[in-house]
Every structure is written in structure tokens, then in C-alpha cells.
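Scroll down for the structure; my scribbles are underneath it.
Letters A, B, ... mirror the listed sequences (proteins, then strands); counts begin at 1. All values derive from a computational prediction rather than experimental measurement.
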Protein chains: 2
Amino acid sequence: MGNEKDFKKTYKRREKIMKAMAHASRLVILDSLYKTEKCVCELVDLVGDDPSTVSKHLSVLKNAGIVDDDKRGLKVFYKLTCPCVIEYIDCIEKVVRKNSKELWG
Amino acid sequence: MGNEKDFKKTYKRREKIMKAMAHASRLVILDSLYKTEKCVCELVDLVGDDPSTVSKHLSVLKNAGIVDDDKRGLKVFYKLTCPCVIEYIDCIEKVVRKNSKELWG
DNA sequence: TGAGTCTGTGGCTAAATTGCCATATAGTCA
DNA sequence: TGACTATATGGCAATTTAGCCACAGACTCA
């Protein structure tokens, strides 16, 4: 039936996913995984953080179910589980543009 | 041209919006504003937090440009600036379902 | 004016997040 | 086996966030 607890649980689940995406470096990573999977070292070069930091970002994303990993030899490749996560950006950018317009134009 | 700084700025702007949405109570609020604007007291009843807490949630959302406010008499009404922000749900729910399937089915 | 209502702010503590370093683990290849 | 590479983890300090209480400000209405 959906009592109050279920209600909150639904939003808590969504929160976890949104939170995982709510970081500039992780957004960069997700964007870069849209077209093709990438190994950690490629992502380290991309975002320019310490490898341990990138690794933690990836574990946040994996823990939220947004990416999957695949170990092949020494490398671990990450890819999006739902490429649709990138679609949200269209909307986010609408908000960004709306904000800019109101501030400066 | 887009140097590295611009690159990061873009993602920082997106981060701010994502971060503002990355909270269960704020997701509840956004959802409830999809169909119609609401005053703060209605939102307080809805999420069940202290009015000061709800007020702070709303200021986070407003600061990110996701909602707008309109004072009428004693009440302040909030509404979405871009109703499209709700579209995130379709995608997020896909991730949620994917996660559930992998964990239990 | 004064009581009452709605909303926002300051201040505080607890909790979560970030990002680095050091180090561990797993795999490759000579 | 031993040196080397790629990735993950533990630990830590700094920063940010959350949510409550107390109170201030704005507005209404008698």
C-alpha cells in the first residue's frame, strides 16, 4: 500500500543516486563513460586527481549502481550501467542557462 | 575555446544543481512542486521537518536556481523554475530498478 | 497598537564528505 | 622469484552539511 516508511525509502534510494552524481569530478567521469568504457588510469589522467581519489569516486558511483567494473589483466574498466544518466544533463543545463540569463541577461 | 578552467567551471555549475537535489527531503519537495506551487507551511506538513529546516532546504534549492519564490501576504509560495528537473526521476528509477534486480532477482 | 501567524536567520553540535599520503593487493613479465 | 604497474583501502585532518532551538522580521487582523 505504501505507508510513510516506504515513501521515505523511495526518496532515500533516489537520494543515494543523486548524491553519487553530485560531484564535479564524478560528473566528468560519467560524461566520459557515455561513449565508451574506460580504465581507472585513463580517468585519472582525465580528472587530474590522485589515483586513490579517483578510485574512491569510482567506488561511490559503483556503490550507487551507476557504473559497473570489469577487471581485465592489471586494469579495471568502468562503464555506465544506465547510459540514460547522461540525459539528465540536458535538464541540468536548462537550469544552468536559466540561471545565467537571470543573472546577466 | 574552452580551457581547462572553463571545463571545470561547467561541471562545478552542474554539481551545484545536483547537490541541491541530492537530499531526500528536497526531492520530496521538488516532486510536490511539479503540479502546483506550494507555500512553506504546506511543505512543512509534507516533509515533517522543523519549519526552519524546511526553510533552509528551500534556500538551498532557490540558491541553485531550481525554485523561485513569490511572497503573497504572510505566505511565501515556491515553484519550480524548470519543471523538467523532475525528468531525472525516469532515469534514476531505471538505476534503482537495475540495482534491485541485481541484488535480489 | 498588540497579539498572533508565517517564514527566515544565527548559532551550535553531530555527522558526512573530501582528498591526500602511505600502504596493501593483484596481476604482468622478465 | 622479483621488479614493476594498476587499483583499492586505511587513516587522517579539513571542510561541508544537517537539523534543531531560539529568535528576528514581516504581515494580518482585531
Can you check whether B/T36 reaches B/E42 side chain to side chain, under 4.5 Å on heavy atoms?
no

Between A/A22 and B/K71, who's closer to the 5' end of DNA chain C by nearest nucleotide?
B/K71

For A/K56, answer base if it contacts any base atom (sugar-phosphate contacts may also be present), sugar-phosphate if it contacts only those atoms, and nothing otherwise; contact means non-hydrogen atoms under 4.0 Å.
base

At under 4.0 Å, does any side-chain N or O of B/R26 touch on OP1 or OP2 of D/dA18?
yes

Looking for any heavy atom pair under 4.0 Å, which part of the strands does A/K62 touch: base, sugar-phosphate only, or nothing?
nothing

Ionic contact status for B/K79 with B/D70, cut-off 4.0 Å:
no

Pick the nucleotide of DNA chain D nearest each of A/S59 and A/L74; which residue has the one closer to the 5' end?
A/L74

Counting side-chain heavy atoms from CB outward, which of C/dT7, D/dC21, D/dT9 is closest to A/S55?
D/dT9

Starting from the 5' end of DNA chain C, give me the residue, B/P51 or A/S25, whose nearest nucleotide shows up first.
B/P51

Start with the C-alpha distance between A/D31 and B/Y11, add both sets of side-chain angles, then the distance that settles side chain to side chain donor-acceptor pair (under 3.5 Å), and finish with yes or no.
CA-CA 10 Å; A/D31 251 20; B/Y11 285 95; 2.4 Å; yes

Do the side chains of B/D50 and B/K56 get close enough for a salt bridge, i.e. N-O under 4.0 angstrom?
no

Spacing between B/N63 atom CG and D/dT16 atom P, to the nearest angstrom
14 Å

Quick one: is D/dG19 close enough that its OP1 or OP2 comes under 4.0 Å of any side-chain N or O from B/H57?
yes

Between B/L58 (CG) and D/dT17 (C1'), how many Å, whole number?
16 Å

Under 4.0 Å: is that the gap between some side-chain N or O of A/T53 and OP1 or OP2 of C/dC20?
yes

For the pair made of CG in A/L61 and P in C/dT17, what is the distance, rounded to whole Å?
13 Å

Base, sugar-phosphate or nothing for B/Y78? Non-hydrogen atoms, less than 4.0 Å.
sugar-phosphate

What integer distance in Å separates B/D49:CG from C/dG8:P?
15 Å

Check the phosphate of C/dT28 against A/K75, side-chain N and O only, distance under 4.0 Å to OP1 or OP2. Yes or no?
no

Mind calculating the distance between CZ (B/R72) and C1' (C/dT5) to the nearest angstrom?
17 Å

Do B/E37 and B/R72 sit within salt-bridge range, that is, some charged N less than 4.0 Å from a carboxylate O?
yes

Can you measure B/D69 atom CG to C/dG8 atom P for me and round it to whole angstrom units?
7 Å

Atom NE2 of A/H23 and atom P of D/dT15 are separated, to the nearest Å, by 15 Å

Whole-Å distance between C/dT18 P and A/I29 CD1?
12 Å

